[in-house]
Amino acid sequence: MVVVRATVSTYMEIMRHMAFEQGNNGQADVPAEPEYRYNAELAQKIEDKWQNRWQQQGSFWAANLDGKLTDGSGKHADGRTPYFVMDMFPYPSGKGLHVGHPLGYIATDVVSRYHRMKGENVLHAMGYDAFGLPAEQYAVQTGQHPRITTEQNIANMRRQLHRLGLSFDDRRSFATIDPGYMRWTQWIFTKIYNSWYDPEFVRKDGGTGSARPIDELVGAFKSGKRTIPGHETESWESLDALEQSDVLNDFRLAYISKSPVNWCPGLGTVLANEEVTSEGRSERGNFPVFQRELRQWSMRITAYGHRLIADLDMLDWPEKVKLMQRNWIGESHGASVHFEVETPSEPKDMKVYTTRPDTLFGTTFAVVSPEHSLLDSVPEDWPSDIPSEHRALWTGGYATPAEAVHAYRLEAEKKTSKDRVDEQNEKTGLFTGLYATNPITGAKLPIFTADYVLMDYGTGAIMAVPGGDDRDYDFATKYGLPVVYTVKPLADADDDLSNYEGKSAFVSHDGIVINSSTERTERLGDALSLDGLRVDDAIARVTAWLQKAHVGEGTVSYRLRDWLFSRQRYWGEPFPVVYDDDNIPHTLPDNMLPVNLPEVPDYTPKTYDPEDAETNPEAPLSRNDEWVHVTLDLGDGPKRYHRDTNTMPNWAGSCWYYLRYIDPDDSRHMVDPAECEYWLGPHHNETAGTSGGVDLYVGGVEHAVLHLLYSRFWHKILYDLGFVDSMEPFHKLFNQGMIQAYAYTDSRGQYVPAAEVEEHQDGSDTTYTWNGEPAFREFGKMGKSLKNIITPDEMYGTYGADTFRLYEMSMGPLSESRPWNTRNVIGGMRFLQRLWRNVLDENSGEVKVVDEQPDLKTLKLLHNTIHDVTEEMEAMRPNTAISRLIVLNNHLTSLKAVPRSVVEPLVVMLAPVAPHICEELWEKLGHADSLSSTQWPVAKEQYLGKDNVTAVVQVKGKIRGKLEVSPDISADELQALALALPAVQDHLGGKPPRKVIVKAPKIVSVVPQL
RNA sequence: GCCCCAGUGGCGAAAUGGUAUACGCAUCGGACUUAAAAUCCGACGUUGCGAGACAUGUGGGUUCGAUUCCCACCUGGGGCACCA
């Protein structure tokens, strides 16, 4: 039985241990390591040296065209191609980093260094996304102001990242909390607020629909070119300020509305849809979330739904992320159908949304959501024609429809979002006493209210087709409503309808319409028959018919909701908005920005019993009266105003930070237009495509919809308004995998420190013990609670930053998740040591390379390696690139003397991954320049071919022989050689082959007679 | 339920229609050493004395040839989920 420590254990530790013991025994000195051996201690020295030198020399500064960050070359950074590579904005948490965090940062650093060596002008910077809930919660726990703890966290994270040797342009670093940055976040908000979406506007890229200044809309109202919704007969001037404000509010891209929002009493704030899990709980804190009608800020992201889907086609993103965005936006094409409803006061128009207008003939009732406005117009008494056997169920036992509706609304409000949308739940609902008229058949349909219909999708009302829809079928069954079948699935086209008795027919698009015709009527005109049509044809025909009869039209609907933009928290950007005495909002002019956070007696959010839905948000910013109530001159003399006390969500700051990297100190622009065009404009280099945008954006897939969707949305607004000229923010997206880790439990299921667990191998069985007791291995994330955290600091101490970088880059493909295994790190260390020894003598420190010409075999290996490594780097596969470099280095190790002309390109090619040791070797090899400005090697064509290749001979797909042949052997010659092989003859059994496939010079495949 | 991705030695993995297991870890053997570490050289899918046979989650298919392409299933991971 062999005992292996599963922990960080290198010969270094063992040596130190021995030194300690022997010192105690007063015995002979430890055999000293060679003085110039590449070990953790030396690595640390080298790393410090180069990190300082890079910083002093500004080795990684990206040159702007003009301004403070220009390199003075006069034009376009000396004509170099720009390359913009970014990591996702990190959140400086108080917990510090573990070895999983820097994976993406190392990857982008390798890419950055590689592109610099290709002679490009590389922009690579790192800032901090510093507002948000965790910072606030951490501050509450420690009793300090979030600004203090956040700044400490940023400093700590900077230190840890610096130690990795990342090649950032440190002049371009900032945090979202910096007033100079926040000012522009607020400025962008005012631009969005003062814009509306004109669906007819033709953009410069040829597309239709664009954000436009709200003044253009006001102009159209004034000139009468556009009628004023809700005031169709009035002139703009005849409306008072409040009415004007309300009208514009319905058009603005940032607007205030009283609508059902996600209220989370446990966090004391409202949340965006994207921040609520499918369990109906908050993503942060896992508290229940309730639907409540509250006045809140929203952003009209739905106006961009179509462009956000369509423009994905321009992007070089993982298909998986594109798909997630498409699904999240959920564009569906259908029709809005108008049903007339008799109410006590007047006839009303009830619009329903359906993707299947072809099933209108199968509609047997209608359902509106509990929040629907129609419920304000229910009759005073129950109609007399309620089927008596269903009366109790339909009325819920309430005396009047109004009472029933009121009670049902209250009940719906009390349910969590989860309870409301849980498919498992039995459908509930009540009759409203109202009837709708089917516009096609004239049939009278009872209208129910039920919470399975959602107010914020479609129109909040549906035509129920129990013959085709499972949900409607469930409801119809419970409430005794009739079922009519109007579509036969194509597969069952010959079946008669009795086959569908007792179930819904699940109406797929693959079917034939039946039972769907009507005569010409006085009211609606033409007769309509869909019978016998395929579903898609029927949809087209009925939609055209509805449109002609003015009782409906084709519409597009989105699953995506407008983005709820306000939060009732302290640690976020304040809204640059004040209200006058009439409560009309005004955005603050540019010269009054930024609006800084006020000091408040208590920045803790007001939270409630997480289950108590009957509570209201209270914004912490409202606790400072002096800040809230101000006198300002907004152009019409000093007046009293009160400030908006909400803060923006965490996403605001991360929506546009990439723009600020380009031009971080500009006090006149959000980003200088010329710099922005150079770095982001479409075709700014060959990889950016027509969309333009950041050349490479690396981050976790967890932001697939949230950050990446919001950021695209803002970018498109800024594009429409002419502030940026790329259509998309991020041209290429790459999702790095997660580094996972083993965790160990004892027999009671408690986690034990993973670093102290011992691994035992007994034959093929592996067992684990901790403190002599059996332990059990599981696989998951790295985290404090699992007691399996390994920090970068530990890795620096035992191996150095280069080995750590090398290990992370070599452990597997970047996009895959995989377990961390400290035991394997030593392999990278050994590689670096062997390379070190190939260049210099460990004992003397003297460079030992020779200037003689390498042999042909070595040259061929070198140039093939250059060729292949270049390919691997382009494809972001550092793992395979590294393995090729190891092969080359192993070959050098086997030579009697190491040729300079081979080891130098090897050092250059390894530099992106292990920059410090390579810089040191490069210097020792006699070069004065930093590797960061050294050219990437180019493979020489004449060494890429091979003298002899091994041709494989297969019979019926099995290898029966190998031949060493010249690479330019003819097919006939190779075939003859192959057929002459005794093994081939044996397998042919004396008969001539049926067929021979020759792919000279690599393969001969012989097919024997049957 | 719907959609997407993955499954290869003891382990991390390589190979995208043409020699399966490159590279690294672990393990074993050898050289060096008084000894150990380090280093260097070598072995290392299973089975068989061997020729060989069998092996890329399972079962089929296409092909002269399949880890790679197609179909079905199993397992694991992820996304969406009363969206009309």
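In the text below, chain A, chain B and the rest are named by the order of the sequence lines, each starting its count at 1. The structure presented is a predicted model; accordingly, all values stated were derived computationally and were not measured. Only heavy atoms go into these numbers, but all of them, side chains included; no hydrogens, no water, no symmetry mates.
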Point to revise | Distance, nearest 0.5 Å, that separates CG of Leu546(A) from CD of Glu553(A) | key: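 Spacing of CG (Leu546(A)) from CD (Glu553(A)) equals 8.5 Å.
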
Practice item. Salt-bridge test for Arg561(A) and Asp456(A): reply yes if a basic N is under 4.0 Å from a carboxylate O, no otherwise. Key: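 Counted as a salt bridge, because a side-chain N and a carboxylate O are separated by less than 4.0 Å.
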
Check your understanding: With sequence neighbours left out, which residue pairs that include part of residues 875-888 of chain A fulfil the salt bridge (charged side-chain N to carboxylate O under 4.0 Å, His left out) condition?
Key ->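 Qualifying pairs, neighbours excluded: Asp868(A)-Arg884(A), Glu872(A)-Arg877(A).
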
Practice item. Let me know, please, whether Pro819(A) or Gly957(A) comes out on the 5' side of the other along RNA chain B by nearest nucleotide. Key: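 Taking each residue's closest nucleotide, the earlier one in sequence belongs to Pro819(A).
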
May I ask you to say what [X] touches in the nucleic acid, namely base, sugar-phosphate or nothing, with a heavy-atom cut-off under 4.0 Å?
X	answer
Ser332(A)	sugar-phosphate
Ile462(A)	base
Asp474(A)	nothing
Arg837(A)	sugar-phosphate
Arg559(A)	base

Check your understanding: Could one point to a donor on the side chain of Lys999(A) or the base of rG18(B) with an acceptor on the other under 3.5 Å away?
Key ->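 Yes.
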
Check your understanding: Taking N and O atoms by type only, does the side chain of Arg561(A) place a donor or acceptor under 3.5 Å from a partner on the base of rC83(B)?
Key ->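 Flag set: donor-acceptor pair detected.
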
What's the shortest heavy-atom distance between [X] and [Y], and which atoms?
X	Y	value
Phe365(A)	Ala476(A)	CE2-CB, 3.9 Å
Trp820(A)	Thr822(A)	NE1-OG1, 2.7 Å
Arg356(A)	Thr354(A)	N-OG1, 2.8 Å

Point to revise | Torsion-based syn/anti label for rG9(B), 90° from 0 as limit | key: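 This nucleotide is in syn.
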
Review point. What one-letter contact string describes nucleotides 44-62 of chain B from 5' to 3', where B marks a base within less than 4.0 Å of any protein heavy atom, S marks contact via sugar-phosphate atoms alone, and - marks no contact?
Key: ---------SS--------

Exercise for review: Return the value, rounded to whole Å, for the distance between atom CG of Leu895(A) and atom C1' of rC40(B).
Suggested key: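 These atoms are roughly 14 Å apart.
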
Check your understanding: Any side-chain N or O of Asn821(A) under 4.0 Å from OP1/OP2 of rC25(B)?
Key ->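 Looking at the OP1 and OP2 atoms of rC25(B), neither is under 4.0 Å from any side-chain N or O of Asn821(A).
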
